[in-house]
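No experiment lies behind these values; they were computed from the predicted model shown.
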Amino acid sequence: MAYRILIVDDEHELQNMVKEILTQAGYETDAALACAQALERFQAGNPDAVLLDVNLPDGDGFSLFGQLRESRDVPVLFLSARDEDEDRLRGLGLGADDYITKPFLPQELLLRLRSVLRRVYREEPDAARLGDAKIDWGKGIVRRNGVETALTAKEFTLLKKLWEARGNIVTIDALCETLWDGPLVGYENTLMVHIRRLREKIEEDPSHPKYLLTVRGLGYRLVREGMR
């Protein structure tokens, strides 16, 4: 799944240019024009990285950076027309992953963004990410917020089936056939129990799931949003 990048910049022309550069390179993008809007998009969109302008109409990027990091430790690259050493050192001193001065070449932006993403998201070959949850297929565990939780055999099989079909509905019958041999009558309620327990391991709020969704009357769907 492509990385999702949040672009925070009040220059419409530059914002559109960056969106086009990233989209053509295979990234998903979201955008905000001001601090307040950026915070909303950050919470709703769960981006993998943020490109953040220093000068914004309702605040400055340095302050916004602190607010973002209080919420989630996501890589941030400053994009700024301010080339003073003081600003660059301030941004990097706060903990930003890079500081890119405008104007910049498209290839420079892509190279530096890719470098940060490779450094931050060092995924094992046999692993996948689902929002804040990291799934280690080889060990059969889920890591969330530093806590490891083992998957049962049924949960592992169920999650693998849904992952392979992510973005699409997997019917109740298809899931039951994956988990059990023989006649499928009577297994639907048991399937629901496994779904609920799986949500407790991969969802931040299992009662209001964001990733493992019920498609009423049909089955379940693991959304592609926030995956990699």
Inset, instruction - Group every Ile, Leu, Val, Met, Phe, Trp and Tyr by side-chain heavy-atom contacts under 4.5 Å, then state whether V120 and F65 land in the same group. - result: yes
Inset, instruction - Determine whether Y27 and L117 make a side-chain contact, defined as any pair of heavy atoms from C-beta on separated by less than 4.5 Å. - result: yes
Inset, instruction - Using modelled atom types only, decide if a donor and an acceptor are shared between the side chain of S115 and the backbone of L111 within a distance under 3.5 Å. - result: no
Inset, instruction - State whether the side chain of R112 and the backbone N or O of Y99 hold a donor-acceptor pair below 3.5 Å, judged by distance alone. - result: yes
Inset, instruction - Can you see which heavy atom on F104 is nearest to which on V18, and at what distance? - result: CZ-CG2, 4.0 Å
Inset, instruction - Measure the shortest side-chain to side-chain distance between E148 and D136 over non-hydrogen atoms and say whether it is less than 4.5 angstrom. - result: no
Legend entry - Ion pair K102/D9, N-O distance below 4.0 Å: yes
Legend entry - Short N-O contact, D97 and R118, less than 4.0 angstrom: no
Inset, instruction - Mark yes or no for whether R69, through its side chain, and V74, through its backbone, hold a donor-acceptor pair below 3.5 Å. - result: yes
Legend entry - Backbone N/O of C35 and side chain of D58: donor-acceptor pair under 3.5 Å: yes
Inset, instruction - Just say parallel, tilted or perpendicular for the rings of F156 and W137, cut-offs at 30° and 60°. - result: perpendicular
Inset, instruction - Report the residue from K201, E204, E203 that forms a side-chain contact (heavy atoms from CB on, under 4.5 Å) with R144. - result: E204
Legend entry - Side chain K154, main chain L179, donor-acceptor under 3.5 Å: yes
Inset, instruction - Look up atom CZ in R114 and atom OH in Y3, then write down how far apart they are to the nearest 0.5 Å. - result: 11.5 Å
Inset, instruction - Taking the side chain as every heavy atom from C-beta outward, state whether D98 and L113 have any atom pair closer than 4.5 Å. - result: no
